[in-house]
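Beneath this line is the structure, given in structure tokens, with notes to follow.
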Amino acid sequence: GENVGLHLPTLSVQEGDNSIINCAYSNSASDYFIWYKQESGKGPQFIIDIRSNMDKRQGQRVTVLLNKTVKHLSLQIAATQPGDSAVYFCAEKPSGANSKLTFGKGITLSVRP
Amino acid sequence: NAGVMQNPRHLVRRRGQEARLRCSPVKGHSHVYWYRQLPEEGLKFMVYLQKENIIDESGMPKERFSAEFPKEGPSILRIQQVVRGDSAAYFCASSPRVSETQYFGPGTRLLVL
């Protein structure tokens, strides 16, 4: 039979604009969250993380927001650049010794010049 | 400061052959994780190892797959009698402690003909 590929959702933004990438996580026991960026043919690259005792954390040009009430995580990228074009994954980890990361499906960010 | 190293970067095997994937963690990291990524999907956890011990293998298929992280040398993910469905990108990550951020290698892309 025909094999239909699953296409990732895409966010298209103009260079210089701000980007907001959203993620809904599933496990209310998760207490550590990470955003990774993956460029074509490469491994995931750590961007920023946040623990559940915080609701906001800022890095260089990036901000992560955590809303535990609705189990929602977002990544904001200021002044988006062409080099930001990639697939972005959120990942969650439950508290305790279990170190297994659970990844979301990923969102493709496309920056228009 | 070398990151996580994986080799080979690309591996082609015929059905029924064995695939061996190697991962050298960041120097000083004693925790290693293996993930599998199918095209346009997020990473799926396979196994978590700490030097000479398998801590969590809940994501490993019950047959044909095994992993080790010996006292000396790299971590090895071994797939026996490969089938076409094993074709994927396999990523290794490492961390210095169980609750710390996981840093990923460039991955091994396995193609089974």
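Computation of the quantities below employed the complete heavy-atom set of this structure, encompassing side-chain atoms and omitting hydrogens, waters and symmetry-equivalent molecules. Below, chains carry the letters A, B, ... as their sequence lines are ordered, and counting in each starts from 1.
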Worksheet item: If you count heavy-atom pairs under 4.5 Å between each of Met46(B), His31(B), Gln37(B) and chain A, which one has the most?
Response: Gln37(B)
Count the heavy atoms belonging to other residues, nucleotides or ligands that lie under 6.0 Å from [atom1] of [X], then report whether that count exceeds 12.
X	atom1	value
Gln81(B)	CD	no
Gln60(A)	CD	no
Lys56(A)	NZ	no
Arg15(B)	CZ	no

Worksheet item: Can you tell which of Ala91(A), Gly106(A), Pro44(A) has the highest number of heavy-atom pairs within less than 4.5 Å of chain B?
Response: Pro44(A)
Fill in: Atom pair OG1 (Thr102(A)) and NZ (Lys44(B)), whose distance is rounded to the nearest 0.5 Å
9.5 Å
Discussion item. To the nearest 0.5 Å, what is the distance between OG1 on Thr101(B) and CG on Leu101(A)?
Written reply: 9.0 Å
State plainly whether one hydrophobic cluster holds both [X] and [Y], where clusters connect Ile, Leu, Val, Met, Phe, Trp and Tyr through side-chain heavy atoms under 4.5 angstrom apart.
X	Y	answer
Ile54(B)	Ile79(B)	yes
Val32(B)	Met60(B)	yes
Leu77(B)	Ile55(B)	no
Ile50(A)	Tyr32(A)	no
Tyr103(B)	Leu43(B)	yes

Item to complete: Output the residues of residues 66-81 of chain A for which the shortest heavy-atom distance to chain B is under 4.5 Å, in residue-number order; output 'none' if no such residue exists.
Response: none
Worksheet item: Can you find a pair of side-chain heavy atoms, one from Phe91(B) and one from Lys42(A), that are under 4.5 Å apart?
Response: no
Worksheet item: Contact part of Gln38(A) toward chain B, heavy-atom cut-off under 4.5 Å: side chain, backbone, both or neither?
Response: side chain
Worksheet item: What are the residues of residues 104-113 of chain B, in order of number, with any heavy atom under 4.5 angstrom from a heavy atom of chain A?
Response: Phe104(B), Gly105(B), Pro106(B), Arg109(B)
Fill in: Side chain / backbone / both / neither for Ser58(B) at chain A, heavy atoms under 4.5 Å
side chain
Item to complete: Take Phe103(A) and Tyr35(B), measure what ring pair (Phe, Tyr, Trp, His ring centres under 6.0 Å) needs, and give me the verdict at the end.
Response: CA-CA 10 Å; Phe103(A) 281 79; Tyr35(B) 294 82; 5.7 Å; yes
Item to complete: State, to 0.1 Å, how close Lys100(A) and Phe45(B) come at their nearest heavy-atom pair, and which atoms those are.
Response: CD-CD2, 3.0 Å
